[in-house]
Every structure is written in structure tokens, then in C-alpha cells.
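First listed ligand is number 1; within each ligand, the first listed atom is number 1.
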Amino acid sequence: MKVVKFGGSSVADAGQFKKVKQIINSDRKRQIVVVSAAGKSSSEPVKMTDMLLNLEQAADSEPLFQAVSDRIIKIRNDLALSIKIEKDLQIIHQQLGTCSHDYLISRGEYLTAKLMAKYLGYYFVDAKDILIFDNQGINYVQSQKRLLNVLATHSQIVVPGFYGANENGSVHLMPRGGSDISGSLLANLVDAELYENWTDVSGILMADPRIVSNSQKIDSLTYDELQELSYMGIGVFQEEAVRPVREKHIPTAILNTNQPEAGGTLVVSAHEDEKKDQIVTGIAGRKDCTVITIRKYQLNKHLEVLQKVLAVFQKFDLAINSVPSGNDGFSFLCQHAEIATHLSAIISKLKKTCGVDSVEVNQNIALVAAVSLQLSKRPAIAGKILNYLDSSLIHVRFVFQEGSDLKIVFGVNNDDYEKTIKRIYRESMEHHFKKISA
Ligand SMILES: Nc1ncnc2c1ncn2[C@@H]1O[C@H](COP(=O)(O)OP(=O)(O)O)[C@@H](O)[C@H]1O
Ligand SMILES: N[C@@H](CC(=O)OP(=O)(O)O)C(=O)O
């Protein structure tokens, strides 16, 4: 049995639905279909999830609700489906203003999946009836029991991605891009032979195609490499979607709905060959980080200072990365959007309550990571990359190696982000071709 997930771009309009149907019909093993909410297309500039988020914030939600309804009804009409989706829309409309955030934002997936189930002739299963979350995360035992129960009577199902239910039955929304997680969880629960993740690119590319236009496809990746790339920000596969497939060693393919024949990337436990000539497997990054550096004379003898500093970050519920910075310093990295509203309160708390000598803040920092299995065996790779960046006059603010030595991360100014990615890409490709033609 295969679990297949179609991202928002694959279900953006009726034309995309048709491509999905062809893919499903070409392999009878594609029995569990997960869909995201209708996403962007050439005629639809806003993802349905963002339409719902905007609707939630709007003083007058009516026009935005109308836009969501129009979009769903248009897909239904264009496909000539005999489904009274107006009924579902009416139920959602009645709950505007009183329903939970998670319920409202998940409705894009719910409505899109209802249409897809009808179109494919598959059975619609509401994700809140089969993916159950407790305070530890997904409850595998309960969820599996429920899913197998459904599959006992319906062997071909469509499930909306991006949400499940809490133990009390209320909707539990996953992080953005969460339909990847739904698909991965379902693949784990049924021990799928393959998890296919269909999107609008033919696999994972060595670098973001919006930055490197002719970026090479990565044919195969390990779960560890994918985890590092996803963590660093390649939008194509949600970071939390790696674990469920990795746990059960379920091969995972990233494929293109618009070009199914083009092949894609296969994610597996280990590479068949060692790829010694490839110094970098993939490059990923993100902009707009804030770096807070604290200094304390002889910090290594005053670990209580670090403890107090961490307690401050914990109080503000921040997801941070930390790296030693010289003998007496420590730097903490955080996405600017996450810290922005509390930044001055945090700085003042750090200064007043932690016993530090100084606190320095650097904003507009971008992180660029080069991921490679070769890094741990060939530390000189880090020096090579630094050399490339130096010769391009890119000011590298800091460097650290982490992720079990799988990735090396460069901190650069936001303005140098694209240039850094292009430079690492170009040089590592040139190195690769020199090696294979030698
Ligand atoms: N290294 C990369 N490889 C492939 N795609 C990438 C990479 N980095 C960023 N992307 C972007 O991720 C997009 C696909 O992710 P997403 O928009 O979430 O798709 P979907 O709508 O299928 O869920 C691609 O269109 C591409 O622009
Ligand atoms: N629709 C949700 C969940 C999701 O997975 O979307 P996509 O597959 O289009 O990235 C989002 O926009 O975050």
C-alpha cells in the first residue's frame, strides 16, 4: 500500500485535480490520499490557508468567506461534481466568530479533501477521526486502531492533511506545511511500502530554485540529510514529517504532479554509493534571524549564568539555537518574527537578572547551511567553502558545524543570503564536475 500526499499547488484548481486523478489511477496501490488546502496557481495568488488566516483577522469576515466559498464552488463546478459542498460551507459560516482557530484554519484541507474524495470515487475520512494527539504528540496506538478500523471497510480513502484531533475530539492543527506530516504519520501507521509526496518541483533540488534557477536535482537523500535540510528551511518537506517515515524505514519520494515522468528524489536510510565526489549534498537557509550574544568573564566557571539565560528564553517560549562564541561568550539564534515583540523585555531581563557582563544583539542575519555526509570525514570542506565565500567578499559573521556533523552553518548578513547560496552552489558543482572528469 502506498500513501500519497498532494500539496496545495497540486490541488489549486480543477486542472490540477485532473492531474492528481491520472496519477492515482495509474497505480492501484495509491490507496491513502492526503491533500492540502488548495494552494497557489497562476490564477490563484493566495493559498486557501492564508485566505482563512486573513479572514480570521478581518474586521469584516464576510467578503473573505465569500472568496473561500467561491473558490471551492468553482472547483466543484469546473469538475461537474455532484456534491452539495454548500452544506459544509454553511456549517463553517455559522461557526465564524465562535469556533477555534484550529478548526477554522483547517477548513481549507477539509473542503479540498471532500471534493477530491468525490472526484476520485474514494471514501472521505475526516482526519479528526483517525489522527489523535495527546500531550506527547501523536498517539500512535489509538490512531492506528482507528485507521485500521476504517480500512477494514474502505480500502481507498482521502484524508485532509494539516490536522487531527485532541483527545477531547477538538481539532488539533499542525504547523504550517503540516500535510506532509499527516502523510508521513499515515504511512507509518499502515507500514506503507512507499510514501509519495507530490508537489510542484521534480524532487528536492540542491538549492532553492527561486535562487539558483538551474539547480540540480538530488536523486537520493538519507532521512538525516533531509531532516537537516528541512530544519534549515527548504519548504518542500516539513521538518516534522521526517521522523514518522524514518522510524519505519519507509522510502519517501518527492515527485512533481505537473511532470510525473520526470522522476524525483528518493529518501532512504543510507545511500547505496558513498558519493565521495560530492562535497555538498544540498544547501538551505533562512533569512531574518536575530543573534543575541552574552558575555561573562570566565563563563566556563559560571555555568549558573547560562542556566539563568536559558530560563529567560524558556519563559518567553522561544525556539533557539545556541553556539559558543569565543572563550567567554555564547550566542543564541532565533527567527526574528518569533522574538521581535519581546526583544526589549528579553534584553532587559538578561541584563538585570542573569549576571552577564554584556548583551549584544545582531539583527538581519541569514543562516545558510551546507549539508553533506562527507563533512565529518573531511573537515577541510568547511575551509574550502569559507574560501569561496571570502573570495566573493561575503562577510561571514560566524560558522558552526552541527547535526551530528552533517551540516555546516554560515551566518551572513541578510543582504548576502542569495549570493552566499549561489556561490556555495556554483563552487561545489564545479568541484564535483572536476572530480568526475579527472
Ligand atoms: N531545495 C529545494 N528543492 C525543491 N523545492 C524547493 C527547495 N527550496 C525551496 N523550494 C520550494 O518549495 C516549493 C514546494 O513547496 P510547497 O510550496 O510547500 O509545495 P506544495 O504546494 O506542494 O506543498 C517549490 O515550489 C520551491 O519553490
Ligand atoms: N495548507 C497548509 C498545510 C500544508 O501542508 O500546505 P502545503 O502542502 O501547501 O505546503 C499550509 O499552507 O501550511
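Here D224 pairs with R246 in a salt bridge; the nearest charged N to carboxylate O distance falls below 4.0 Å. Under a 4.0 Å N-O distance rule, the pair K217/D219 qualifies as a salt bridge.
A donor-acceptor pair under 3.5 Å links the side-chain atoms of N139 to the main chain of V141, judged by distance alone. Side chain of S391 to backbone of Y388: a donor-acceptor contact under 3.5 angstrom is found.
Residue pairs meeting the side chain to side chain donor-acceptor pair (under 3.5 Å) criterion with at least one partner in residues 92-106, sequence neighbours excluded, are E56-H101, E62-H93, Q95-Y103.
Within the 4.0 Å heavy-atom criterion, the part of E109 lying near ligand 2 is the side chain and not the backbone. Contact annotation for Q238 and ligand 2: no heavy atom of the residue comes within less than 4.0 Å of the ligand. Under 4.0 Å from ligand 2, heavy atoms of S179 appear from its side chain as well as its backbone.
The environment of CZ in R28 is sparse: at most 12 heavy-atom neighbours from other residues, nucleotides or ligands sit within 6.0 Å.
The distance from ligand 2 to the heavy atoms of G7 drops below 4.0 Å at these ligand atoms: 8 (O).
Contact record, V11 with S36: CG2-O, 3.4 Å, taken as the closest heavy-atom pair.
Close N/O approach between T49 and ligand 2 is found [any backbone or side-chain N/O within under 3.5 Å].
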Inventory of protein N or O atoms under 3.5 Å from ligand 1 N or O:
unit_1	atom_1	unit_2	atom_2	d
ligand 1	1 (N)	L205	O	2.9
ligand 1	3 (N)	L205	N	2.9
ligand 1	19 (O)	T199	OG1	3.1
ligand 1	21 (O)	G8	N	3.3
ligand 1	21 (O)	S9	N	3.0
ligand 1	21 (O)	S9	OG	3.0
ligand 1	22 (O)	S9	OG	3.2
ligand 1	22 (O)	T199	OG1	2.7
ligand 1	25 (O)	D200	OD1	2.8
ligand 1	25 (O)	D200	OD2	3.2
ligand 1	27 (O)	R210	NE	3.4

